[in-house]
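Structure, as structure tokens:
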2 protein chains.
Amino acid sequence: MEEYIKALKSLSEQTRIRILALLHQTREVCVSDIVNALEESQYKVSRHLKVLQDAGMVKGSKKGRWIYYQLDENQVRFQKMLLEAVKDISSDIINNDLERLQKRLGKDLNNFCKNGKTEIYQESYQEQ
Amino acid sequence: MEEYIKALKSLSEQTRIRILALLHQTREVCVSDIVNALEESQYKVSRHLKVLQDAGMVKGSKKGRWIYYQLDENQVRFQKMLLEAVKDISSDIINNDLERLQKRLGKDLNNFCKNGKTEIYQESYQEQ
DNA sequence: ATAATATATGCGAAGCAACGCATACGTTAA
DNA sequence: TTAACGTATGCGTTGCTTCGCATATATTAT
């Protein structure tokens, strides 16, 4: 039962739902792209990613100095169903997040962090 | 977004999952049947029912001095999907709850509280 | 080696959720 | 109309989550 509750808990928070919305739209994203899209602090995003990962919802893989997160594809039926439900969530906040992500990654959402995006990240981050 | 999160939060707690498991098995149950099945305090069950109700997962209807709870049938797609996922949750705790409920209501799970069950409730409650 | 970049984490503070107790409210029975 | 029963709730306490800051770790660039 504990594991089920953990999965559900991981979904009961706005920032985490926003992150999942991004991951539903793109194959994988690195942390700084999420930070940029959500306009939230790096440590906040990082912490929430950890919660999602511990709950088996997403998984991160290190590539160079970046860590790319994606929906964990080895999910059991329960998690799959939950993520399917979460896909239904819509809101202005999420739309704005997606818009910023798209702007940053370019039209192709399967782009990567490392494609010269770092500069852009710096700029927008320091604007805040 | 708030409403979605509220629904998800309502599912992220053990007692509430246990209550939903009961409601998935039977059409409607009154509070004291739940109290008896879960072997938890009346106020605790009552509080959790309120959370589930506020989240639109269950609804209670008063009949005489009892209040019968059932899964809210006017749910939107999101809630339906969540409940469908929650159905998948299995555990010994839940099995024991169901067993006690069955024992109390008799074979027919569509039985009602008021069918002389009150006495039984009193006995088992005071045993604790 | 040193600096810069990307991400994670220890820690204390603030906020929120669950608990237990006592009690209130509403309904039926006596 | 009083008593008993079924359910809900106000309140203070405890425990868990989230937050923000500062800092640590790891990787790449200089």
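In what follows, every chain begins at residue 1, and chains take the letters A, B, ... in the order their sequences are listed. No hydrogens, no waters, no symmetry mates; every other heavy atom, side chains included, goes into these values.
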Presence of donor-acceptor pair under 3.5 Å, side chain of B:E13 and base of C:dA18: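 Answer is no: no donor-acceptor pair is held.
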Assess whether atom CD of B:Q70 is packed by more than 12 heavy atoms of other residues, nucleotides or ligands within 6.0 Å.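 Atom CD in B:Q70 is packed in, count exceeds 12.
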For atom [atom1] of [X] and atom [atom2] of [N], their distance in whole Å:
| X | N | atom1 | atom2 | answer |
| --- | --- | --- | --- | --- |
| B:I67 | D:dT9 | CD1 | P | 9 Å |
| B:I5 | C:dC16 | CD1 | C1' | 15 Å |
| B:E28 | D:dG6 | CD | P | 17 Å |
| B:Q42 | D:dA8 | CD | C1' | 7 Å |
| B:K44 | D:dT7 | NZ | C1' | 17 Å |
| B:D54 | C:dA17 | CG | P | 12 Å |
| B:Y68 | C:dG26 | OH | P | 20 Å |
| A:W66 | D:dT27 | CH2 | P | 13 Å |

Does [X] make a side-chain N or O approach to OP1 or OP2 of [N] shorter than 4.0 Å?
| X | N | result |
| --- | --- | --- |
| A:H48 | D:dT17 | no |
| A:K9 | D:dT17 | yes |
| B:S32 | D:dT7 | yes |
| A:R47 | C:dG10 | no |
| A:Y69 | C:dA6 | no |
| B:R65 | C:dC25 | no |

More 5' along DNA chain D: A:T15 or B:L49, using each one's nearest nucleotide?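 Looking at DNA chain D, the more 5' nearest nucleotide goes with B:L49.
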Map B:S46 and A:S12 onto DNA chain D by nearest heavy atom, then report which one ends up closer to the 5' terminus.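 Its nearest nucleotide lies further toward 5', so the answer is B:S46.
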The single option from B:Q53, B:Q75, B:E73 passing side-chain hydrogen bond (donor to acceptor under 3.5 Å, both in side chains) against B:K59: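 Among B:Q53, B:Q75, B:E73, the one that satisfies the side-chain hydrogen bond (donor to acceptor under 3.5 Å, both in side chains) with B:K59 is B:E73.
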Can you tell me which residue among A:Q102, A:Q25, A:R18 is in a side-chain hydrogen bond (donor to acceptor under 3.5 Å, both in side chains) with A:D97?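 The single option meeting the side-chain hydrogen bond (donor to acceptor under 3.5 Å, both in side chains) with A:D97 is A:R18.
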Among the nucleotides [options], which one has an atom lying closest to any side-chain atom of [X]?
| X | options | answer |
| --- | --- | --- |
| A:Y43 | C:dA29, C:dT9, D:dT18 | C:dT9 |
| B:K62 | D:dT18, C:dG26, C:dA8 | C:dG26 |
| B:K50 | C:dA8, D:dT9, D:dT7 | D:dT9 |

Is there a side chain to side chain contact (heavy atoms under 4.5 Å, CB included) between B:L8 and A:I17? Walk through the geometry before answering. CA-CA 10 Å; B:L8 285 161; A:I17 293 293; 3.9 Å; yes
Could you walk me through whether B:K6 and B:D54 satisfy the salt bridge (Lys or Arg N to Asp or Glu O under 4.0 Å) test, starting with their C-alpha distance in whole Å, then the side-chain angles of each, then the deciding distance to 0.1 Å, before giving a yes or no? CA-CA 8 Å; B:K6 194 191 240 183; B:D54 288 350; 5.7 Å; no
